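What you are looking at is a predicted structure, and each value in this text was computed from that prediction instead of being measured. Counting convention: from 1, in listed order, for ligands and their atoms alike.
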Amino acid sequence: MSFIDEASIELIAGKGGNGCLSFRREKFIPKGGPDGGDGGRGGSIIFQAEKSLTTLQDFKLQTRHQAKNGSNGQGRDKHGKDAPDTFLKVPIGTQIINEETDEIICDITSYEEIFEIACGGKGGMGNARFKSSTNRAPRKTTDGEKGERLQVKLELKVLADVGLLGLPNAGKSTFISSISSAKPKIADYPFTTLKPNLGVVKNNFSSFVVADIPGLISGASSGAGLGFKFLKHLSRVKLLLHLVDISVLDENKISQDIKKIEKELELYDSKLFKTDRWIVLNKNDIDYEKSKKLKKSIESHFPKIKIYNISSISKNGIKELVNDISEWCLKK
Ligand SMILES: Nc1nc2c(ncn2[C@@H]2O[C@H](COP(=O)(O)OP(=O)(O)OP(=O)(O)O)[C@@H](O)[C@H]2O)c(=O)[nH]1
Ligand SMILES: [Mg+2]
């Protein structure tokens with residue numbers, strides 16, 4: 001299944017039913033009064049978050065969603081039935097944007113809330129409503145109102161506490177699979193990850209959600225590689241973990257790699273660049289002694305940033321890092 005995080009759809013709420021024109025006809029009552037009932041309300045369109053969904057794929061297949069119309073009123077003062085509302089299920093983290101104005105209409109961030117986006121039309125009035133002392137046989141009725149119609153863009157930005165960042169092959173997917181039950185594809189070639197993966201990390205009594213995205217390369221902020229398309233998924237995280245492959249064991253090469261990612265972040269979005277970020281030197285199982293020295297020198301290159309030294313394979317240093325993330329997430 002492909003990962004779809006954008007879709008453009010048309011929403012049409014139901015029209016209200018028309019009011020009815022009718023007069024009572026019964027035996028022995030030659031001139032019965034007006035008894036046309038009102039029309040029912042048109043169905044509204046409502047968004048709701050659904051736990052089992054992770055992409056907007058369904059909205060690529062169906063781009064037009066129309067709610068049912070209300071029923072027309074009938075004689076004998078029978079009101080038309082209200083139409084049922086149409087519920088559209090989306091993954092949590094979906095934003096709904098008005099395509100004409102570009103304004104965010106709503107942001108679906110909880111499973112409890114529902115959001116009515118297009119309101120069904122009111123039913124029209126039957127002629128019974130127009131009876132008065134001066135007009136005992138009104139022939140007037142009104143039609144049901146049209147339902148609201150709207151063109152919207154859906155945009156999914158995954159909701160996570162922690163986002164993983166790094167060059168392809170840094171070990172981001174290995175890291176998420178070592179700390180959570182997420183099972184992403186892992187391989188020794190770049191761009192193994194093609195869509196964001198989420199993992200829930202349970203630590204003592206708290207838990208946090210981590211998002212793994214495809215690796216970034218130089219020029220990512222202007223569209224190179226795959227990572228750019230996915231950077232927006234990090235826009236709402238509280239903490240970025242920048243994973244760095246230290247297997248080259250070369251201080252200069254490693255700090256150049258770190259700067260490459262920093263530059264892309266800054267070019268992409270200054271707000272994302274200002275998000276709290278820790279550097280995580282990964283693959284220290286290759287040479288633990290050398291990795292300790294490397295950590296010291298990298299610290300001198302990046303004095304303002306917190307730096308960790310771990311191995312996602314041997315799990316060295318992972319516990320301390322996970323504890324610090326938990327504590328930090330609780331404070332935020
Ligand atoms: N020795 C060692 N190898 C590691 C470690 N972590 C990851 N690797 C290896 O590095 C390679 C890349 O790992 P991935 O987890 O797929 O890297 P990624 O950052 O998710 O890569 P992309 O999805 O392509 O961006 C794999 O061959 C992993 O086995 C580690 O701590 N030590
Ligand atoms: Mg990966």
Side-chain angles (χ1 to χ4, degrees), residues 1-3 5 54-55 158 160 162-201 209-221 223-234 237 239-251 253-265 268 272 277-295 298 307-322 324-325:
M1 192 172 77
S2 57
F3 180 77
D5 57 7
T54 53
T55 93
V158 298
V162 180
L164 303 184
L165 200 64
L167 292 171
N169 256 339
K172 300 176 292 299
S173 302
T174 311
F175 176 69
I176 200 175
S177 67
S178 78
I179 60 171
S180 73
S181 56
K183 292 277 163 281
K185 187 172 170 192
I186 293 166
D188 62 353
Y189 53 82
F191 301 121
T192 306
T193 300
L194 300 172
K195 66 179 181 68
N197 299 303
L198 294 185
V200 180
V201 182
V209 178
V210 182
D212 167 31
I213 64 162
L216 296 177
I217 55 172
S218 284
S221 56
L226 291 171
F228 168 72
K229 232 184 120 240
F230 296 98
L231 270 174
K232 69 172 178 209
H233 289 291
L234 300 184
V237 301
L239 175 67
L240 291 169
L241 290 184
H242 176 173
L243 263 83
V244 185
D245 179 350
I246 58 153
S247 55
V248 287
L249 299 172
D250 177 303
E251 170 190 340
K253 169 81 175 66
I254 294 168
S255 49
Q256 271 170 18
D257 280 354
I258 296 174
K259 283 180 187 149
K260 265 188 210 165
I261 296 287
E262 287 192 332
K263 189 169 156 217
E264 293 311 322
L265 261 193
Y268 174 74
L272 191 59
R277 176 164 31 92
W278 299 348
I279 290 174
V280 178
L281 305 174
N282 187 31
K283 312 197 187 182
N284 77 12
D285 53 289
I286 286 181
D287 189 333
Y288 184 57
E289 287 312 313
K290 273 201 180 154
S291 77
K292 284 199 286 190
K293 282 190 201 135
L294 270 172
K295 180 177 179 254
I298 301 290
I307 301 186
Y308 290 83
N309 179 24
I310 67 155
S311 161
S312 301
I313 287 188
S314 75
K315 305 224 173 178
N316 179 302
I318 294 260
K319 183 120 196 72
E320 184 198 343
L321 174 57
V322 168
D324 285 4
I325 299 171

Listing protein N, O or S under 2.8 Å around the Mg ion (ligand 2) gives S173 OG, T193 OG1

Pairwise salt bridge (charged side-chain N to carboxylate O under 4.0 Å, His left out) hits with a residue in residues 167-182, at least two apart: none

Counting from 1, what ligand 1 atoms have a heavy atom of G215 closer than 4.0 Å? 25 (O)

Kindly confirm or rule out an N or O of N284 lying under 3.5 angstrom from an N or O of ligand 1. no

Nearest-option assignment for atom 16 (O) of ligand 1, heavy atoms, candidates A187, P184, S311, S314: A187

Among K283, K172, K185, whose heavy atom sits nearest atom 9 (C) of ligand 1? K283

Pick, from I318, I313, L216, the option with the minimum heavy-atom distance to atom 3 (N) of ligand 1. I313

Numbered in order shown, the ligand 1 atoms found under 4.0 Å of a heavy atom of D285 are 1 (N), 2 (C), 30 (C), 31 (O), 32 (N)

Under 3.5 Å, N or O to N or O, is I213 touching ligand 1 that way? no

N or O pair under 3.5 Å between G171 and ligand 1: yes

Looking only at protein heavy atoms, which one is nearest to atom 27 (O) of ligand 1, and how far off is it? D188 CB, 3.3 Å

Is there a heavy atom of A170 sitting under 4.0 angstrom from any atom of ligand 1? yes

Does K183 NZ have over 12 foreign heavy atoms under 6.0 Å away? yes

In terms of residue, atom name and distance, what is the protein heavy atom nearest to atom 31 (O) of ligand 1? S312 N, 2.9 Å

Suppose I only count heavy atoms of Y189 and a 4.0 Å limit; which atoms of ligand 1 are within that range? 24 (O)

Ligand 1 to N282, heavy atom cutoff 4.0 Å, flagged ligand atoms 5 (C), 6 (N), 31 (O)

Going by the atom numbers of ligand 1, which of them fall below 4.0 Å from some non-hydrogen atom of T174? 6 (N), 7 (C), 13 (O), 14 (P), 15 (O), 28 (C)

